[in-house]
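Here's the structure we're looking at; comments come further down.
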Number of protein chains: 2
Amino acid sequence: MAEGRLQRELNRRNPFETPEQEAVLNLLRTGDLILNRFGRLFGEHNITDSQYNVLKILRDEGQPMPSLGIAGRMVQVVPAITGLIDRLEAKELVVRRRCVQDRRVVYVEITPLGTKLLAELDQPVLALHKQMVGKLSQPEVKQLSRLLEKAREVFSQ
Amino acid sequence: MAEGRLQRELNRRNPFETPEQEAVLNLLRTGDLILNRFGRLFGEHNITDSQYNVLKILRDEGQPMPSLGIAGRMVQVVPAITGLIDRLEAKELVVRRRCVQDRRVVYVEITPLGTKLLAELDQPVLALHKQMVGKLSQPEVKQLSRLLEKAREVFSQ
DNA sequence: GCGCGTCATTTTACATGTCAATTAATTGGC
DNA sequence: GCCAATTAATTGACATGTAAAATGACGCGC
């Protein structure tokens, strides 16, 4: 598969070999930048993205949840949850309670302090979400979601 | 409007608060899943995403690069590069060479073994890129790139 | 009512990412 | 020339992510 000089020069100008690669790398890079920005916001409140996600899941649920229930709603693998809960507990944003009926299960519950922190973050987070796609029109935002959901179908096969 | 797919996937009980939030979370989740898949591919060859990226950058450059030069092309921060190079060097995929003119600078060079590994990965990586957006038509793939690039404009202001 | 498989969680080992501080070498101002 | 500021790279402390194995508790089938 010999590459001519012209093609090499074109490749040099456009680092992407295919539109698919371009889309995937665009996606990963954009995600990195967004995560970075959220990390900065959360850092100002002394928590991390993952810790925020755990708190948010607990608030959405409205009641204590087992660790696996939390893990099921996150992308991460199960063992990572333990450390996350450890650090959240150390900051008194959640508490662990052993289930009485099934002593294998550990319920995690958000504390008033955790709820308060979340409430403080609600507006800034919503604003940042809007800002991250602020260059897109409303139809474009929905189109982006649609394309991402469609792309993700390969994972559910 | 019916419940979004992401919402169902995450088994949430409350809908997203805004389309912007939905798009951003869709983006982050899709990126995570894709990274995961690439991680598995690279893992089969005993390297990681980041290590692959370093090797790719070195091959693209075509000549030894200083650490800062490598860092400049990655999203990561400088200190992370040191460990990356350490592990790549341990696997004999790159070598370090101290610059003679400026002894602060360390040049990193890809070895024949590193080049060979990259060559083995070229086809699988390209195939995986295609597969990751395999549910999208060609125009949709380009549309996705366009939307992501447009969204990213907020970062360059 | 016992044993074995399953389940929820944790532990361990390792790679990575961040920030802040350090080391080593160079450069610029005087 | 000399000292201070700058630069390249590294180190250390911490949070996170992955995989694989260990722990402890349940529960079904006989």
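Computed over heavy atoms, backbone and side chain alike; hydrogens, waters and symmetry mates excluded. Chain identifiers are assigned alphabetically (A, B, ...) following the order of the sequence lines, protein sequences preceding nucleic acid strands; residue numbering begins at 1 within each chain.
- Closest approach to the Thr48(B) side chain among dA9(D), dA15(C), dC26(D) is made by dA15(C) (side chain taken as heavy atoms from C-beta onward).
- By the neighbour-count criterion of 12 heavy atoms within 6.0 Å, atom CD of Glu149(B) is densely surrounded, having more than that number from other residues, nucleotides or ligands.
- Taking a cutoff of 4.0 Å between a charged side-chain nitrogen and a carboxylate oxygen, Arg96(B) and Asp86(B) qualify as a salt bridge.
- For the side-chain hydrogen bond (donor to acceptor under 3.5 Å, both in side chains) with Glu20(B), the lone residue among Gln138(A), Gln131(A), His129(A) that qualifies is Gln138(A).
- Within 4.0 Å of Asp49(B), counting heavy atoms only, lies no atom of the nucleic acid at all.
- Each of dA15(D), dA8(D), dT18(C) was ranked by its minimum atom distance to the side chain of Val77(B); first place goes to dT18(C).
- When each of Gln76(A) and Val100(A) is assigned the nucleotide of DNA chain D bearing its nearest heavy atom, the one mapping closer to the 5' terminus is Gln76(A).
- At a threshold of 4.0 angstrom between heavy atoms, the contacts of Ser50(A) are confined to the sugar-phosphate backbone, with no base atom among them.
- Out of dT18(C), dA9(D), dA25(C), the shortest distance to the side chain of Ala80(B) is found at dT18(C).
- Among the atoms of the strands shown, none is found under 4.0 Å from any heavy atom of Ile81(A).
- In this structure, Arg103(B) atom CZ and dT26(C) atom C1' are separated by 12 Å, rounded to whole Å.
- Between dA15(C), dA15(D), dT9(C), one nucleotide has an atom nearer to the side chain of Arg87(B) than all others, and that is dA15(C).
- Dashed line: the shortest gap from a side-chain N or O of Gln101(B) to OP1 or OP2 of dA25(C) is not under 4.0 Å.
- Closest to the side chain of Pro79(A), out of dT9(C), dT11(C), dT10(D), is dT11(C).
- Summarising the geometry, the separation between CG on Leu88(B) and P on dA9(D) is reported as 16 Å, rounded to the nearest angstrom.
- The number of heavy atoms from other shown groups lying within 6.0 Å of NZ (Lys91(B)) is above 12.
- Using a 4.0 Å cut-off between charged nitrogen and carboxylate oxygen, Lys116(B) and Glu120(B) count as a salt-bridge pair.
- If you measure from atom CZ of Arg40(B) to atom P of dA19(D), you get 8 Å, rounded to the nearest angstrom.
- No hydrogens or angles were tested; on distance alone, nothing pairs the side chain of Arg104(A) with the base of dC26(D) as donor and acceptor under 3.5 Å.
- Rounded to an integer number of Å, the gap from CG of Asp86(B) to C1' of dG12(D) is 14 Å.
- As a whole-Å value, the separation of Leu68(A) CG from dC26(D) C1' is 14 Å.
- Note on Arg96(B): a side-chain N or O is less than 4.0 Å away from OP1 or OP2 of dT10(D).
- Atom pair Asn46(A):CG and dC19(C):C1' shows a separation of 13 Å (rounding to whole Å applied).
- Between Phe38(A) atom CZ and dT18(C) atom P there is a gap of 17 Å when expressed in whole angstrom units.
- Not one N or O on the side chain of Gln51(A) forms a donor-acceptor pair closer than 3.5 Å with the backbone of Ile47(A).
- dT10(C) atom P lies 8 Å from atom CD1 of Ile85(A), rounded to whole Å.
- Among dT18(C), dA8(D), dT18(D), the nucleotide with an atom closest to any side-chain atom of Asn36(B) is dT18(D).
- Among dT9(C), dA25(D), dT16(D), the nucleotide with an atom closest to any side-chain atom of Val78(A) is dT9(C).
- Residue-level contact check: Thr82(A) touches the bases, meaning some heavy atom is under 4.0 Å from a base atom.
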